[in-house]
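Have a look at the structure below, then the notes.
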2 protein chains.
Amino acid sequence: MARDLRMSRMLHVLIHMDRHLGRATSEQIAQMISTNAVVVRRMMAGLRERGIVTSEKGHGGGWQLACPLARISLRDVYEAVGHPPLFNIGPQADSSSCLVEQAVDARLDATLSEAEARLLAQFSTITVEEVAQDFERRFAESGHSVPFQWHGSTDE
Amino acid sequence: MARDLRMSRMLHVLIHMDRHLGRATSEQIAQMISTNAVVVRRMMAGLRERGIVTSEKGHGGGWQLACPLARISLRDVYEAVGHPPLFNIGPQADSSSCLVEQAVDARLDATLSEAEARLLAQFSTITVEEVAQDFERRFAESGHSVPFQWHGSTDE
DNA sequence: TCATATGTATCATTAAGAGTTACGTGATTC
DNA sequence: GAATCACGTAACTCTTAATGATACATATGA
């Protein structure tokens, strides 16, 4: 597909879980982000491995936040979803015996690596709590009485 | 496919054209970068529109550099190949009515836009001539007598 | 006039993310 | 202790964008 949506989607989910869901099943989360429960489990499994959420099976089970949003950075979420490749451009993965190509690839790799390091550093400075507060500002400015677009179900 | 190789490939081609090919047909270039002549024409068409190369049909035709490498920046090449999306991550293209998702998307978009601006600025500071000189340093250090891995044909 | 080379439309191939189905396992409820 | 619920995961298919390939038109030079 176009690009990797996992980081964006997981941020969305984490804020909903903190601000109004509490515990949620994969099925509920899937409806929230318009996808399939299996896709949700795949992504959430990465968050669990990083200690961001916990999961429980059986009746009353589901997913739950394991720490406050203020202690989760965008970098944490990026790593949790498997640190997908950041860039859509760059040289071919396998190197060539052509010295010109080697020089081009080295320059591009160096430039992209530097940009990647800067972007990841930036991700480290932003907490999910900050983004949640962005949302609350938007809500306050919207003048609506219900802070969420209810995703599929109205019971909570 | 994995990622967009056009910028890397065109840099490779430009340096070869400047340093030892002079004029080259799409077929020769295709062999150089291990692809098809039509793919080459597609990419080179963008360079021509930006005034980086010229093309001529018929006998003795082909592609030729239109300006010195010192006057072509990596940014120019990036734009010439159609400024493909830089990032492989990010929010979904279409926006949602969910305020949480909007906040997440806005934050990610802002962060990525900033990173994109920085990377493009960096591309602007690097000329293709500099990369060609990188190559010449590599050649000098390699101790080889022939500066190129000859791509497919040995006649020139 | 014919061979050469670009210009371009159209389709096939490929790789990676995303979506889906099926089935297993553990936990809770009755 | 059987049924139900929910996660865990393997093994697919689907979709998208880049790339590769084929066919044919057009322009140029010998």
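Computed from a prediction, not measured in an experiment: that's the story for all the values here. The sequence lines fix the lettering, A, B, ..., with proteins before strands; numbering per chain opens at 1. Atoms considered below: every heavy atom in the structure, side chains included; atoms not considered: hydrogens, waters and symmetry mates.
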Taking 4.0 Å as the cut-off, does a side-chain nitrogen or oxygen of [X] come that near to OP1 or OP2 on [N]?
X	N	answer
A:Ser26	D:dC7	yes
A:Arg23	D:dC7	no
B:Thr35	D:dG20	yes
B:Arg6	D:dT19	yes

Checklist entry - Can any side-chain N or O of B:Arg48 pair as donor or acceptor with the backbone N or O of B:Val53 at less than 3.5 Å? => result no
Item to check | Interatomic distance, B:Trp63 atom CH2 to B:Ile29 atom CD1 [nearest 0.5 angstrom] | outcome: 7.5 Å
Item to check | Pairwise distance CG(A:Asp105) to CG(A:Leu112) - rounded to 0.5 angstrom | outcome: 10.5 Å
Return a table of donor-acceptor pairs under 3.5 angstrom between the side chains of residues 33-47 of chain A and protein atoms on other chains or two or more places apart.
| residue | atom | partner | partner atom | Å |
| --- | --- | --- | --- | --- |
| A:Asn36 | OD1 | A:Val38 | N | 2.7 |
| A:Arg41 | NE | A:Ser26 | OG | 3.3 |

Over how many whole Å does the gap from [X] atom [atom1] to [N] atom [atom2] extend?
X	N	atom1	atom2	answer
A:Asn36	C:dG17	CG	P	17 Å
A:Phe87	C:dA16	CZ	P	18 Å
B:Asn88	D:dT16	CG	P	16 Å
B:Glu27	D:dT22	CD	C1'	13 Å
B:Gln92	D:dT16	CD	P	11 Å
A:Met43	C:dG17	CE	P	13 Å
B:Asp4	D:dG20	CG	P	11 Å
A:Ile29	C:dG19	CD1	P	14 Å

Item to check | Those residues that, when tested against A:Glu136, pass side-chain hydrogen bond (donor to acceptor under 3.5 Å, both in side chains) (two or more places apart) | outcome: A:Arg19
Checklist entry - Strictly by modelled atom types, are B:Glu27 and B:Gln31 linked by a side-chain donor-acceptor pair under 3.5 Å? => result no
Next on the checklist: Checking B:Phe87 now: which residues fulfil ring-ring contact (aromatic ring centres under 6.0 Å, His included) with it, not counting sequence neighbours?
Outcome noted: A:Phe87
Item to check | Considering all heavy atoms, the nearest A:His16-B:Cys98 contact | outcome: NE2-SG, 3.4 Å
Report each atom pair, protein N/O against N/O of nucleotides 8-10 of chain D, whose distance is under 3.5 angstrom.
| residue | atom | partner | partner atom | Å |
| --- | --- | --- | --- | --- |
| D:dG8 | OP1 | A:Arg48 | NH1 | 2.3 |
| D:dG8 | OP1 | A:Ser55 | OG | 3.3 |
| D:dG8 | OP2 | A:Arg48 | NH1 | 2.9 |

Item to check | First encountered from the 5' end of DNA chain D, between B:Pro85 and B:His59 | outcome: B:Pro85
Next on the checklist: Please compare A:Pro84 and B:Ala37 by the position of their nearest nucleotide in DNA chain C and report the one closer to 5'.
Outcome noted: B:Ala37
Checklist entry - Could you give the angle between the helix axes at the two ends of the helix from C:dT1-D:dA30 to C:dC30-D:dG1, with five pairs per end, rounded to 10 degrees? => result 10°
Run the side-chain donor-acceptor check on residues 66-83 of chain B: report pairs under 3.5 Å with partners two or more places apart or on a different chain.
| residue | atom | partner | partner atom | Å |
| --- | --- | --- | --- | --- |
| B:Ser73 | OG | B:Arg75 | N | 3.3 |
| B:Ser73 | OG | B:Asp76 | N | 3.1 |
| B:Ser73 | OG | B:Asp76 | OD2 | 3.2 |
| B:Arg75 | NE | B:Glu79 | OE2 | 2.8 |
| B:Arg75 | NH2 | B:Glu79 | OE2 | 3.4 |
| B:Asp76 | OD2 | B:Ser73 | N | 2.9 |
| B:Tyr78 | OH | B:Pro84 | O | 2.6 |
| B:Glu79 | OE1 | B:His83 | ND1 | 3.4 |

